[in-house]
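To keep things clear, I will list the structure first and then write my remarks on it.
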Amino acid sequence: MRGKWPTGVGRALPTLLAALLAALLTGCRQTSGAAEPGAPPGGTPTRPSGHGAVFLGVGECSSFGTTSFTEVPCTGERAAARVIARHDGGPDDGPLCPPATDFVLHIGAQPAVGGEGVIPRGYACMRNLQPPHPGDPGGGGGPRTVVGDCVHGAGRGAVRETACDGSGKRKPEYQVVRAVRSRAQCPASTALYVRLGGEEPVGCARRL
(Lines give C-alpha, C1' and ligand atoms only; values in the text may rest on other atoms or scores of the structure.)
Protein backbone atom coordinates (compact mmCIF):
# COMPACT_ATOMS: atom_id res chain seq x y z
CA MET A 1 0.00 0.00 0.00
CA ARG A 2 1.37 3.34 -1.00
CA GLY A 3 1.70 6.03 1.59
CA LYS A 4 0.10 9.37 1.07
CA TRP A 5 1.37 12.88 1.96
CA PRO A 6 -0.87 14.95 4.18
CA THR A 7 -3.10 17.34 2.31
CA GLY A 8 -1.09 20.18 0.71
CA VAL A 9 2.38 18.69 1.27
CA GLY A 10 2.47 16.96 -2.10
CA ARG A 11 1.95 20.25 -3.88
CA ALA A 12 4.51 22.12 -1.72
CA LEU A 13 7.27 19.51 -2.06
CA PRO A 14 8.78 20.86 -5.32
CA THR A 15 8.87 24.35 -3.83
CA LEU A 16 10.59 23.11 -0.64
CA LEU A 17 13.18 21.17 -2.58
CA ALA A 18 13.95 24.18 -4.77
CA ALA A 19 14.43 26.41 -1.71
CA LEU A 20 16.71 23.82 -0.06
CA LEU A 21 18.81 23.51 -3.23
CA ALA A 22 19.14 27.30 -3.49
CA ALA A 23 20.31 27.52 0.14
CA LEU A 24 22.93 24.82 -0.42
CA LEU A 25 24.25 26.55 -3.52
CA THR A 26 24.42 29.89 -1.71
CA GLY A 27 26.40 28.30 1.14
CA CYS A 28 28.88 26.78 -1.32
CA ARG A 29 29.46 30.13 -2.98
CA GLN A 30 30.16 31.81 0.37
CA THR A 31 32.72 29.30 1.60
CA SER A 32 34.60 28.55 -1.62
CA GLY A 33 36.01 32.05 -2.18
CA ALA A 34 39.72 32.77 -1.48
CA ALA A 35 40.48 34.50 1.82
CA GLU A 36 42.11 37.93 1.68
CA PRO A 37 45.90 37.99 2.20
CA GLY A 38 46.71 37.99 5.90
CA ALA A 39 43.31 36.67 6.94
CA PRO A 40 42.28 33.08 7.77
CA PRO A 41 38.99 31.58 6.49
CA GLY A 42 36.15 33.58 7.96
CA GLY A 43 37.80 36.97 7.40
CA THR A 44 39.40 37.43 10.85
CA PRO A 45 42.67 39.42 10.50
CA THR A 46 45.85 37.62 11.57
CA ARG A 47 47.64 40.74 12.76
CA PRO A 48 46.59 42.85 15.78
CA SER A 49 45.29 46.32 15.05
CA GLY A 50 48.11 48.86 14.84
CA HIS A 51 50.94 46.30 14.73
CA GLY A 52 52.91 44.73 11.90
CA ALA A 53 53.61 41.08 11.24
CA VAL A 54 57.04 41.56 12.87
CA PHE A 55 57.34 43.33 16.20
CA LEU A 56 59.03 46.69 15.54
CA GLY A 57 59.68 46.19 11.84
CA VAL A 58 61.40 48.84 9.73
CA GLY A 59 59.38 52.06 9.68
CA GLU A 60 57.42 51.28 12.86
CA CYS A 61 57.72 53.21 16.11
CA SER A 62 58.33 52.49 19.78
CA SER A 63 57.30 54.23 22.96
CA PHE A 64 59.77 55.90 25.31
CA GLY A 65 62.29 53.71 27.09
CA THR A 66 65.21 51.45 26.15
CA THR A 67 64.51 48.62 28.61
CA SER A 68 60.69 48.69 28.72
CA PHE A 69 58.91 49.68 25.53
CA THR A 70 56.01 48.86 23.26
CA GLU A 71 55.18 49.27 19.58
CA VAL A 72 52.89 52.26 19.05
CA PRO A 73 51.48 54.15 16.05
CA CYS A 74 54.04 56.62 14.73
CA THR A 75 51.42 59.38 14.70
CA GLY A 76 50.46 58.85 18.35
CA GLU A 77 51.60 60.98 21.27
CA ARG A 78 53.45 58.03 22.83
CA ALA A 79 55.71 57.52 19.81
CA ALA A 80 59.34 58.32 20.60
CA ALA A 81 61.55 56.69 17.97
CA ARG A 82 61.33 55.00 14.57
CA VAL A 83 62.98 51.76 13.43
CA ILE A 84 65.47 52.50 10.63
CA ALA A 85 66.93 48.97 10.47
CA ARG A 86 65.99 45.59 11.97
CA HIS A 87 68.17 42.47 12.23
CA ASP A 88 67.97 39.03 13.81
CA GLY A 89 70.50 37.88 16.39
CA GLY A 90 72.70 40.17 18.47
CA PRO A 91 74.45 43.44 17.52
CA ASP A 92 77.88 41.91 18.15
CA ASP A 93 77.26 39.21 15.53
CA GLY A 94 74.96 40.96 13.07
CA PRO A 95 75.18 43.89 10.63
CA LEU A 96 76.10 47.34 11.90
CA CYS A 97 73.29 49.82 12.46
CA PRO A 98 73.15 52.80 10.07
CA PRO A 99 75.33 55.79 11.06
CA ALA A 100 72.25 57.89 11.96
CA THR A 101 71.15 55.42 14.69
CA ASP A 102 70.50 57.11 18.04
CA PHE A 103 70.18 53.93 20.09
CA VAL A 104 69.61 50.19 19.79
CA LEU A 105 66.70 48.17 21.20
CA HIS A 106 67.37 44.53 22.02
CA ILE A 107 64.30 42.39 21.27
CA GLY A 108 63.81 38.94 22.78
CA ALA A 109 62.36 35.93 20.95
CA GLN A 110 58.54 35.89 20.89
CA PRO A 111 55.62 34.03 19.32
CA ALA A 112 54.80 35.10 15.78
CA VAL A 113 51.55 36.94 15.09
CA GLY A 114 48.82 34.32 14.69
CA GLY A 115 50.57 31.88 17.02
CA GLU A 116 52.44 29.96 14.32
CA GLY A 117 56.22 29.82 14.77
CA VAL A 118 58.54 32.09 16.72
CA ILE A 119 60.09 35.44 15.84
CA PRO A 120 63.79 35.10 16.74
CA ARG A 121 65.56 37.51 19.03
CA GLY A 122 67.00 40.53 17.29
CA TYR A 123 67.75 44.21 17.54
CA ALA A 124 66.23 47.38 16.15
CA CYS A 125 68.26 50.43 15.16
CA MET A 126 66.27 53.43 16.37
CA ARG A 127 66.14 57.08 15.37
CA ASN A 128 64.47 59.60 17.68
CA LEU A 129 61.44 61.30 16.16
CA GLN A 130 62.50 64.59 17.75
CA PRO A 131 65.92 66.08 18.63
CA PRO A 132 68.35 65.51 20.21
CA HIS A 133 69.99 62.98 17.90
CA PRO A 134 73.06 61.60 19.68
CA GLY A 135 73.80 59.42 16.66
CA ASP A 136 74.49 62.45 14.43
CA PRO A 137 78.17 63.37 13.86
CA GLY A 138 79.42 65.20 16.93
CA GLY A 139 76.26 64.39 18.91
CA GLY A 140 78.12 62.54 21.64
CA GLY A 141 76.26 59.23 21.53
CA GLY A 142 74.78 56.51 19.38
CA PRO A 143 75.98 52.93 18.98
CA ARG A 144 78.60 53.84 16.36
CA THR A 145 81.50 56.28 16.15
CA VAL A 146 81.46 58.05 12.78
CA VAL A 147 83.37 60.77 10.98
CA GLY A 148 82.71 64.06 12.78
CA ASP A 149 82.41 62.48 16.24
CA CYS A 150 84.58 63.53 19.15
CA VAL A 151 86.13 61.30 21.79
CA HIS A 152 88.07 61.53 25.03
CA GLY A 153 90.58 59.15 26.57
CA ALA A 154 89.09 56.52 28.89
CA GLY A 155 92.30 54.83 30.04
CA ARG A 156 94.15 51.68 28.91
CA GLY A 157 94.10 52.79 25.29
CA ALA A 158 90.30 53.12 25.15
CA VAL A 159 88.30 56.17 24.14
CA ARG A 160 84.69 57.22 24.72
CA GLU A 161 82.49 59.39 22.57
CA THR A 162 81.47 62.81 23.85
CA ALA A 163 79.68 65.82 22.39
CA CYS A 164 81.88 68.00 20.22
CA ASP A 165 80.27 71.18 21.56
CA GLY A 166 81.51 70.44 25.08
CA SER A 167 78.03 69.84 26.52
CA GLY A 168 78.88 66.31 27.67
CA LYS A 169 80.32 65.20 31.00
CA ARG A 170 83.81 65.10 29.47
CA LYS A 171 85.38 67.63 27.16
CA PRO A 172 86.34 66.40 23.68
CA GLU A 173 90.03 65.71 23.12
CA TYR A 174 90.02 64.31 19.58
CA GLN A 175 87.77 64.48 16.53
CA VAL A 176 87.47 61.82 13.82
CA VAL A 177 88.12 63.52 10.49
CA ARG A 178 88.37 60.58 8.12
CA ALA A 179 87.45 56.90 7.79
CA VAL A 180 89.88 54.65 5.89
CA ARG A 181 90.65 50.97 5.33
CA SER A 182 94.07 51.02 7.01
CA ARG A 183 96.18 53.28 9.21
CA ALA A 184 98.57 53.95 6.35
CA GLN A 185 95.80 55.91 4.60
CA CYS A 186 95.40 58.39 7.47
CA PRO A 187 96.87 61.89 6.99
CA ALA A 188 100.17 62.78 8.66
CA SER A 189 98.34 65.02 11.14
CA THR A 190 96.54 62.03 12.69
CA ALA A 191 97.05 61.94 16.46
CA LEU A 192 94.81 58.96 17.27
CA TYR A 193 93.39 55.92 15.49
CA VAL A 194 89.80 55.04 16.39
CA ARG A 195 88.13 51.72 15.61
CA LEU A 196 84.94 52.35 13.63
CA GLY A 197 83.95 49.00 12.09
CA GLY A 198 82.37 48.56 8.68
CA GLU A 199 84.14 48.68 5.31
CA GLU A 200 86.39 51.52 6.48
CA PRO A 201 87.17 50.45 10.04
CA VAL A 202 89.91 52.93 10.91
CA GLY A 203 89.07 56.44 12.06
CA CYS A 204 91.77 59.10 11.71
CA ALA A 205 91.39 61.58 14.58
CA ARG A 206 93.07 64.92 15.14
CA ARG A 207 93.77 66.48 18.51
CA LEU A 208 91.52 69.39 19.46
Side-chain angles (χ1 to χ4, degrees), residues 30 33-152 160-170 172 175-176 179 196-199:
Q30 290 177 343
E36 294 182 2
T44 303
T46 59
R47 58 178 59 182
S49 176
H51 293 74
V54 176
F55 179 67
L56 286 180
V58 174
E60 295 173 338
C61 293
S62 74
S63 61
F64 293 90
T66 56
T67 57
S68 178
F69 53 89
T70 57
E71 182 181 312
V72 296
C74 291
T75 55
E77 60 181 13
R78 296 180 60 206
R82 187 186 305 272
V83 181
I84 59 175
R86 176 78 153 80
H87 304 290
D88 293 337
D92 294 338
D93 305 321
L96 292 173
C97 282
T101 301
D102 288 328
F103 63 96
V104 176
L105 288 181
H106 300 263
I107 302 170
Q110 56 192 295
V113 174
E116 296 184 3
V118 175
I119 297 174
R121 75 183 183 95
Y123 57 101
C125 308
M126 310 298 296
R127 174 81 173 173
N128 292 330
L129 295 179
Q130 301 293 334
H133 294 291
D136 285 351
R144 294 184 58 182
T145 301
V146 299
V147 173
D149 280 340
C150 293
V151 298
H152 66 85
R160 293 287 183 273
E161 192 174 331
T162 188
C164 289
D165 62 6
S167 61
K169 293 182 179 180
R170 295 286 300 272
Q175 185 174 29
V176 180
L196 305 181
E199 296 182 357

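For the single chain, residues carry numbers from 1 onward in sequence order.
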Inset, instruction - Taking the side chain as every heavy atom from C-beta outward, state whether D136 and R127 have any atom pair closer than 4.5 Å. - result: yes

Inset, instruction - Rounded to the nearest 0.5 Å, what's the gap from CG on D88 to CG on D93? Could you check? - result: 12.0 Å

Legend entry - Between CD on residue E71 and CD1 on residue I107, distance to nearest 0.5 Å: 9.0 Å

Inset, instruction - Report yes or no: does R121 contribute a side-chain atom to a donor-acceptor pair with the main-chain N or O of H106 at less than 3.5 Å? - result: no

Legend entry - Sub-6.0 Å ring centroid separation between Y123 and H87: yes

Legend entry - Distance-minimising heavy-atom pair for L56 and C61: CD2-O, 3.5 Å

Legend entry - Over all atoms of both residues, closest heavy-atom pair of V72 and S63: CG2-N, 3.9 Å

Inset, instruction - Spell out, as yes or no, whether a donor-acceptor pair under 3.5 Å connects the side chain of T162 to the backbone of R170. - result: yes

Legend entry - T101 vs I84 side-chain heavy atoms within contact, under 4.5 Å: yes

Legend entry - Which atom of C74 lies closest to which atom of E60, heavy atoms considered: SG-C, 3.8 Å

Legend entry - Exercise: identify the closest heavy-atom pair between A163 and G168: CB-N, 4.0 Å

Legend entry - Check: P98 and C125 side chains under 4.5 Å, non-hydrogen atoms: yes

Legend entry - Whether R86 side chain and A124 backbone form a donor-acceptor pair below 3.5 Å: no

Inset, instruction - Test side-chain contact (heavy atoms from CB on, under 4.5 Å) on D102 and M126 and set out the steps. - result: CA-CA 6 Å; D102 288 328; M126 310 298 296; 5.9 Å; no

Legend entry - Under 3.5 Å side-chain donor-acceptor pair for N128 and H133: no

Inset, instruction - Provide the closest heavy-atom pair for D149 versus C164 in the form atom of the first, atom of the second, distance. - result: C-SG, 3.9 Å

Legend entry - Atom of R78, atom of T70 and distance for their closest heavy-atom approach: NH2-OG1, 3.3 Å

Legend entry - Side-chain donor or acceptor of Q175 paired with backbone N/O of C150 under 3.5 Å: no

